[in-house]
Amino acid sequence: MDKLTIKDQARMQMEQIERGAVEILPRDDMLKKLEKSLRDQKPLRIKLGLDPTAPDIHLGHTVVLNKLRQFQDLGHEVHLIIGDFTGRIGDPSGKSETRKQLSEEEIIENARTYQEQIFKVLDKDKTMMHFNSEWLMTMNMIDVLKLAGKYTVARMMERDDFEKRYKEGLPIGVHEFMYPLMQGFDSVALQADVELGGTDQKFNLLVGRHLLKEYGFEPQVALMMPILEGTDGVQKMSKSLGNYIGVNDEPYEMFGKTMSITDSLICRYFELLTRVPAAEIETMKNQMAAGELNPRDAKIRLAVEIITTFHNAELAVQAMNRFKLVYSDRDIPADIPEIKVSEKDVWLPKFLSEHNIVDTTSEGRRMIKQGAVKVNGEKYVLEDVHLETNMVIQVGKRRFVRII
RNA sequence: GGAGGGAUACCCAAGAGGCUAAAGGGGGCAGACUGUAAAUCUGUUAGCGACGCUUUCGAAGGUUCGAAUCCUUCUCCCUCCA
């Protein structure tokens, strides 16, 4: 192992870097940068920009974070940029409408929450944090115009979402044109070697590459990771769509959400979210196709892997057991919320809404009418109920309370 | 600056004075089924101690026995022309 040439080492790094990546632009530059880094014994500067809009990180974000972690393990430097300044504009990427602008307090709070979660994946000691207000805030109008002059409206309009919005008659704020330029300027400020992003970031990443050149630096390489589909299997995972699994979700919540993904997503999740070797994933895929492996069991394993990563193995097993109890055995879990009552004879819809088991009394009535309510495991169709100590009320499959 | 067009529930989208708490689709929730919070099918999807009442069709006024629908003003968006 001592006699590996620099080219060989670079190739080995490249192989790891390419795993899971959708596109590396340009690939040759990546390889050259790796070689140079090895030769000069100087780590590459890997950049990732974060828009502090949603404070909660979900598994979709971790796809890119995992890749960053890989770079760290290969000895490179990770630079995270909290877009505290750009967050005030809102990234137009993949949006059919203009984003809300954030207040300063929101941004600070979100950035703080971000950091807490990010280090579940990244190595804190090898990560550098920046706020892009550091350099964007101090620019004056001349600097801004100079920056704006580096790109043309026509090229800006090439961007998929701008074009689409324009055609569909949806508004595009002029300030939104500045977003890719500012993100690109972040790369200039950092002199980034590589910038990571989802495939939706392609345009922004390439603008960064262009700007580095314009400002007389070595252009960055753009590395794009796939966008993870949410639990619905159709749209990308996002908090606003509600199809996400958050890294801060409780183990049981994570388990359930993982079990709710569509079967066709199982292998993809394994590939992008776990460290299960590719060969093993391939085997599972074949077994499922052949009917030898129940997709449910594959999902159980997936859920355990995910919870182990973000919590620990013990909690993962607990969550699994609870899930099996509730769904496979149709039983009542042990640790359900308890409600202390003084009144014994209650109107159930009101009771359920008062204790946040349903949102409104109307919904409560609906649930009863639909046969979704069970008392001590028996279907309950009346609206009035006489409560007793230790009585268990269930609404739907996963909402339980115990009366004490 | 001028001329047209538009805003409907969580989202998309019908409706053009009473039959509209508002079609249809998506999403959500529930039931059945099972292999699971998968797939499929079915139901349901403003609130209220409720065969009634209250709020809801960009906002505010007005016409009318009666308005999402007609009128006025305002806000926001789009298109074309400058």
Side-chain angles (χ1 to χ4, degrees), chain A residues 95-98 100 162-174 176 229-246 249-270 284 287-304 306-307 319-331 333 343 345-354 356-374 378-385 393-400:
Chain A
K95 282 282 156 178
S96 53
E97 57 188 68
T98 311
K100 237 190 275 157
F162 282 148
E163 196 193 343
K164 212 191 278 167
R165 274 160 65 181
Y166 190 71
K167 273 189 186 149
E168 286 176 8
L170 294 164
I172 302 171
V174 172
E176 291 180 82
E229 291 83 359
T231 51
D232 59 0
V234 181
Q235 291 188 275
K236 71 169 185 176
M237 184 176 285
S238 95
K239 187 167 172 153
S240 47
L241 292 172
N243 61 357
Y244 72 104
I245 303 175
D249 280 352
E250 294 301 312
Y252 183 65
E253 191 68 13
M254 270 190 181
F255 201 99
K257 284 181 179 177
T258 305
M259 293 306 284
S260 82
I261 66 172
T262 12
D263 290 356
S264 57
L265 226 49
I266 297 172
C267 289
R268 192 165 165 80
Y269 270 42
F270 266 113
M284 281 193 278
Q287 286 179 330
M288 277 191 279
E292 292 161 17
L293 174 65
N294 187 329
R296 180 197 52 176
D297 296 326
K299 270 198 250 184
I300 287 175
R301 174 163 178 210
L302 177 64
V304 170
I306 289 172
I307 297 166
M320 175 178 75
N321 288 338
R322 180 182 170 135
F323 188 87
K324 284 182 174 167
L325 181 75
V326 175
Y327 294 100
S328 304
D329 305 341
R330 300 279 160 110
D331 218 334
E343 192 83 32
D345 290 294
V346 297
W347 186 51
L348 199 49
K350 182 109 182 167
F351 178 80
L352 293 175
S353 74
E354 270 176 355
N356 295 319
I357 299 158
V358 298
D359 290 332
T360 61
T361 59
S362 296
E363 191 190 339
R365 302 178 101 209
R366 228 177 277 137
M367 289 299 146
I368 294 167
K369 211 181 297 170
Q370 293 190 131
V373 175
K374 283 183 184 165
E378 301 287 325
K379 188 185 283 188
Y380 197 85
V381 293
L382 303 174
E383 293 195 359
D384 292 307
V385 68
I393 300 177
Q394 177 181 0
V395 178
K397 287 196 181 72
R398 43 184 167 141
R399 281 168 277 182
F400 299 94

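The sequence lines fix the lettering, A, B, ..., with proteins before strands; numbering per chain opens at 1. Heavy-atom basis, side chains included; hydrogens, waters and symmetry copies ignored. Bear in mind the structure is a predicted one, so any value in this text is a computation, not a measurement.
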Practice prompt. Could you say whether A:Thr258 or A:Trp347 is positioned toward the 5' end of RNA chain B, judged by the nucleotide with the nearest heavy atom to each?
Written response: A:Thr258

Worksheet item: Does a side-chain N or O from A:Lys350 land closer than 4.0 Å to OP1 or OP2 of B:G49, or not?
Response: yes

Worksheet entry | By ring pair (Phe, Tyr, Trp, His ring centres under 6.0 Å) - contacts of A:Phe400 (at least two apart) | none

Worksheet item: For A:Ser328, which contact category applies under a 4.0 Å heavy-atom criterion: base, sugar-phosphate, or nothing?
Response: sugar-phosphate

Worksheet, complete the sentence: Picking from B:G35, B:C29, B:U36, the nucleotide nearest the side-chain atoms of A:Met367 would be B:C29

Worksheet item: When the P atoms of B:C53 and B:A9 are considered, how many whole Å apart are they?
Response: 25 Å

Item to complete: Name all residues meeting the ring pair (Phe, Tyr, Trp, His ring centres under 6.0 Å) criterion together with A:Phe351; count only those two or more places apart in sequence or in a different chain, and write none if there are none.
Response: A:His355

Fill in: Rounded distance (Å) that lies between atom P of B:U36 and atom CD1 of A:Ile300
8 Å

Item to complete: Pick the P atom in B:G58 and in B:A13, then give their distance to the nearest Å.
Response: 14 Å

Item to complete: Determine the sole option in A:Val304, A:Ile306, A:Asn321 for which the side chain to side chain contact (heavy atoms under 4.5 Å, CB included) test with A:Phe255 is passed.
Response: A:Val304

Worksheet entry | Those residues that, when tested against A:Glu229, pass side-chain hydrogen bond (donor to acceptor under 3.5 Å, both in side chains) (two or more places apart) | A:Arg268

Worksheet item: Out of B:A37, B:G35, B:G31, which has the shortest distance to the side chain of A:Glu253?
Response: B:A37

Fill in: Nucleic acid contacts of residues 262-269 of chain A, taken as heavy-atom distances under 4.0 Å to RNA chain B
A:Thr262, A:Asp263

Response to the item:
Comparing A:Asp359 with A:Ser260, nearest RNA chain B nucleotide closer to 5' gives the residue A:Ser260

Return the polar atom pairs (N/O with N/O) between nucleotides 44-46 of chain B and the protein under 3.5 Å, or none.
unit_1: B:U44; atom_1: O4'; unit_2: A:Gln370; atom_2: OE1; d: 3.3

Fill in: A:Leu382 CG to A:Ile368 CD1 distance, which is reported to the nearest 0.5 Å
8.5 Å

Practice prompt. Provide the distance between the two P atoms, one in B:G27 and one in B:C51, to the nearest whole Å.
Written response: 34 Å

Response to the item:
Checking N1-N3 plus N6-O4 or O6-N4 for Watson-Crick, or N1-O2 and O6-N3 for wobble, each under 3.5 Å, the partner of B:G31 is B:C41

Fill in: Pairwise P distance for B:G25 and B:C33, with rounding to whole Å
25 Å

Discussion item. Can you see if the side chain of A:Arg296 gets near the phosphate of B:U36 - specifically, an N or O under 4.0 Å from OP1 or OP2?
Written reply: yes

Worksheet item: CD1 of A:Ile357 versus P of B:A30: gap in Å, rounded?
Response: 14 Å

Practice prompt. Taking atom P in both B:G4 and B:C71, compute the distance separating them and give it to the nearest angstrom.
Written response: 15 Å

Nucleotides 21-24 of chain B: which of its N/O atoms have a protein N/O under 3.5 Å away?
none

Practice prompt. Applying side-chain hydrogen bond (donor to acceptor under 3.5 Å, both in side chains), name anything that partners A:Asp331, two or more places apart in sequence or on another chain.
Written response: none

Item to complete: May I ask you to say what A:Gly256 touches in the nucleic acid, namely base, sugar-phosphate or nothing, with a heavy-atom cut-off under 4.0 Å?
Response: base

Practice prompt. Return the set of residues passing side-chain contact (heavy atoms from CB on, under 4.5 Å) with A:Ala298 (not counting sequence neighbours), or none when no residue passes.
Written response: A:Ile266, A:Met288, A:Leu293

Fill in: side-chain hydrogen bond (donor to acceptor under 3.5 Å, both in side chains) partners of A:Asp345, counting only residues at least two apart
A:His386

Worksheet item: Excluding sequence neighbours, so at least two apart, what forms side-chain hydrogen bond (donor to acceptor under 3.5 Å, both in side chains) with A:Arg366?
Response: none

Item to complete: Let me know the distance between CD of A:Gln235 and P of B:G27, rounded to the nearest Å.
Response: 9 Å

Worksheet item: Does A:Asp384 use its side chain to pair, donor to acceptor, with the backbone of A:Leu348 at less than 3.5 Å?
Response: no

Item to complete: Rounded off to whole Å, could you give me the NZ-to-P distance for the A:Lys257 and B:G28 pair?
Response: 13 Å

Worksheet item: How long is the line joining NZ of A:Lys397 and C1' of B:G35, in whole Å?
Response: 13 Å

Worksheet item: In the strands shown, is B:C80 matched to any nucleotide by a Watson-Crick or G-U wobble pair with both distances under 3.5 Å, and which?
Response: B:G2

Item to complete: Could you let me know what B:A68 is paired to, Watson-Crick or G-U wobble, both distances under 3.5 Å, or none if it's on its own?
Response: none

Practice prompt. May I have the distance from A:Arg398 (atom CZ) to B:A37 (atom C1'), rounded to whole angstrom?
Written response: 5 Å

Worksheet item: Going from CG on A:Leu302 to CE on A:Met284, what distance comes out if it is rounded to the nearest 0.5 angstrom?
Response: 8.0 Å

Worksheet item: Counting only Watson-Crick or G-U wobble pairs whose two distances fall under 3.5 Å, which nucleotide matches B:U55?
Response: none

Discussion item. At 4.0 Å (heavy atoms only), tell me whether A:Met259 reaches a base, stays on the sugar-phosphate, or touches nothing.
Written reply: base

Item to complete: Compare the ring of A:Tyr327 with the six-membered ring in the base of B:A37 and state whether they stack (centres under 5.5 Å, planes under 30°).
Response: no

Worksheet, complete the sentence: In whole angstroms, the gap separating P of B:G27 from CD of A:Glu229 amounts to 16 Å

Worksheet item: What nucleic acid atoms does A:Phe255 come within less than 4.0 Å of, heavy atoms only: base, sugar-phosphate, or nothing?
Response: nothing

Discussion item. The criterion is side-chain contact (heavy atoms from CB on, under 4.5 Å); which residues satisfy it with A:Gln370, sequence neighbours excluded?
Written reply: A:Met367

Worksheet item: Hey, mind stepping through A:Asp249 and A:Lys257 against salt bridge (Lys or Arg N to Asp or Glu O under 4.0 Å) and telling me if it holds?
Response: CA-CA 10 Å; A:Asp249 280 352; A:Lys257 284 181 179 177; 2.9 Å; yes

Discussion item. Checking base pairs now: Watson-Crick or wobble, both atom distances under 3.5 Å. What partners B:U75?
Written reply: B:A7

Worksheet entry | Nearest-angstrom distance, C1' atom, B:C29 to B:C10 | 13 Å

Worksheet entry | B:G1 to B:C19 separation - C1' atoms, rounded to the nearest Å | 48 Å

Item to complete: For A:Glu363 and B:G31, give me the distance from atom CD to atom P, rounded to whole Å.
Response: 12 Å

Worksheet item: Got a donor-acceptor contact below 3.5 angstrom from the A:Arg399 side chain to the A:Ile357 backbone?
Response: yes

Worksheet item: Contact class for A:Asn243 (heavy atom, under 4.0 Å): base, sugar-phosphate, or nothing?
Response: nothing

Fill in: Distance below 4.0 Å between A:Arg399 side-chain N/O and B:A30 OP1 or OP2
yes

Worksheet item: Distance between the P atoms of B:G61 and B:U45, in whole angstroms?
Response: 31 Å

Worksheet entry | With A:Lys299 via salt bridge (charged side-chain N to carboxylate O under 4.0 Å, His left out) - residues at least two apart | A:Asp263

